[in-house]
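Order of the sequence lines fixes the chain letters, A, B, ..., with proteins taken first and strands second; residue numbering starts at 1 for each chain.
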Protein chains: 2
Amino acid sequence: MSETTTWSELRDRRLAEPGATEAYNAARLAFELGAGVRELREARGWSQTQLANAAGMTQSAVARFEAGGAVPTLPVLERLAQALDVELAVRFTPKPMAA
Amino acid sequence: MSETTTWSELRDRRLAEPGATEAYNAARLAFELGAGVRELREARGWSQTQLANAAGMTQSAVARFEAGGAVPTLPVLERLAQALDVELAVRFTPKPMAA
DNA sequence: CCCGGTTATAGCATCGGTGCTATGGCCTGG
DNA sequence: CCAGGCCATAGCACCGATGCTATAACCGGG
């Protein structure tokens, strides 16, 4: 994740346009969720294949998701949560304090 | 909808088939999120058109969303949250208790 | 009675996530 | 060296959410 990747390019471009931060935040969410799933999965000692099987998908789908390759949809998140035996919480919370 | 088939019927039916609860939960999430957005919007005294404008979408999209007509995607939720000046929280939480 | 504002719904095009198969690289154990 | 398990990626078809315009229903005030 260094400056040589297209990541920073994309981010800067998106941050440049006003009101484009949402897409960036969504991508960020995807990445964090992927990392979270990976943690939960590894904590259980499962392989991607096992989790995929439990969640009704294939290993490639799990890999893509954990890599943050796409912003996941709520049904998929729900299935993963169910497979990992955790609860998926999606809610609007009052903003902390920032600008 | 409330003529012969009731909500609880639908729920029970879906809960009956194994592995179908995810889709049901996703739909439920869509509905709850739609209601939540409606609350936040009305609390600000905004019209669907105003919110749509602020969120970079059209009134019809907001209406569809509030009606729970489709399971929203994370980018859309992020934009709505930003327009409503709230934070969108999506996370996996340890399950309270089995059911 | 018409008009402006608001919400709901339909129809349609497009974009993107999902699901799948297949493959390659990597490491470990036999 | 070879076999097997694990992960990453590519390519593709399909489905569904999104975005749009247009329209209907409703209600308020002029």
Between A:Arg64 (side chain) and A:Gly69 (backbone), is there a donor-acceptor pair under 3.5 Å?
no

Taking a pair to mean Watson-Crick or G-U wobble geometry with both distances below 3.5 Å, D:dA3 pairs with C:dT28

In plain terms, say whether B:Glu32 and A:Arg91 are close enough for a salt bridge, that is, a side-chain N and a carboxylate O under 4.0 Å apart.
no

So, the side chain of B:Arg41 versus the backbone of B:Leu51: is there a donor-acceptor pair under 3.5 Å, distance only?
no

Which whole-number value in Å describes the distance from A:Phe65 CZ to C:dG16 P?
19 Å

Applying side chain to side chain contact (heavy atoms under 4.5 Å, CB included), run through A:Val90 and B:Leu88 and close with a yes or a no.
CA-CA 7 Å; A:Val90 185; B:Leu88 176 66; 4.1 Å; yes

Write down the atom of A:Gln50, the atom of A:Gly45, and the distance for their closest heavy-atom approach.
OE1-O, 4.0 Å

Could you tell me whether B:Ala70 contacts a base, only the sugar-phosphate backbone, or nothing, with contacts defined as non-hydrogen atoms closer than 4.0 Å?
sugar-phosphate

Interatomic distance, B:Leu74 CG vs D:dT18 P [rounded to whole Å]
10 Å

Any protein N or O atoms within reach of nucleotides 20-26 of chain D? Criterion: under 3.5 Å, listing atom names and distances.
from	atom 1	to	atom 2	distance (Å)
D:dC20	N4	B:Arg64	NH2	3.1
D:dT21	O4	B:Ser60	OG	3.0

How is B:Val76 classified with respect to the nucleic acid when contacts are heavy atoms under 4.0 Å: base, sugar-phosphate, or nothing?
sugar-phosphate

If I take atom CD in residue A:Gln50 and atom C1' in nucleotide D:dC6, what distance separates them, rounded to the nearest angstrom?
10 Å

In whole angstrom, give the distance that lies between atom CG of B:Leu80 and atom C1' of D:dT18.
12 Å

Report yes if a side-chain nitrogen or oxygen of B:Thr49 is closer than 4.0 Å to either non-bridging phosphate oxygen (OP1 or OP2) of C:dT7; otherwise report no.
no

How about B:Glu39: does its CD atom have over 12 heavy atoms from other parts shown lying under 6.0 Å from it?
no

When you measure from every atom of DNA chain C, which of residues 33-47 of chain B have a heavy atom less than 4.0 Å away?
B:Arg38, B:Arg41, B:Ser47

Side chains of A:Leu40 and A:Val86 in contact at under 4.5 Å (non-hydrogen atoms)
yes

B:Val71 and A:Thr73, any side-chain heavy atoms less than 4.5 Å apart:
no

Would you find more than 12 non-hydrogen atoms of other residues, nucleotides or ligands less than 6.0 Å from B:Glu42 atom CD?
yes

Using purine N1 to pyrimidine N3 plus N6-O4 or O6-N4 for Watson-Crick, or N1-O2 and O6-N3 for G-U wobble, each under 3.5 Å, what pairs with C:dC2?
D:dG29

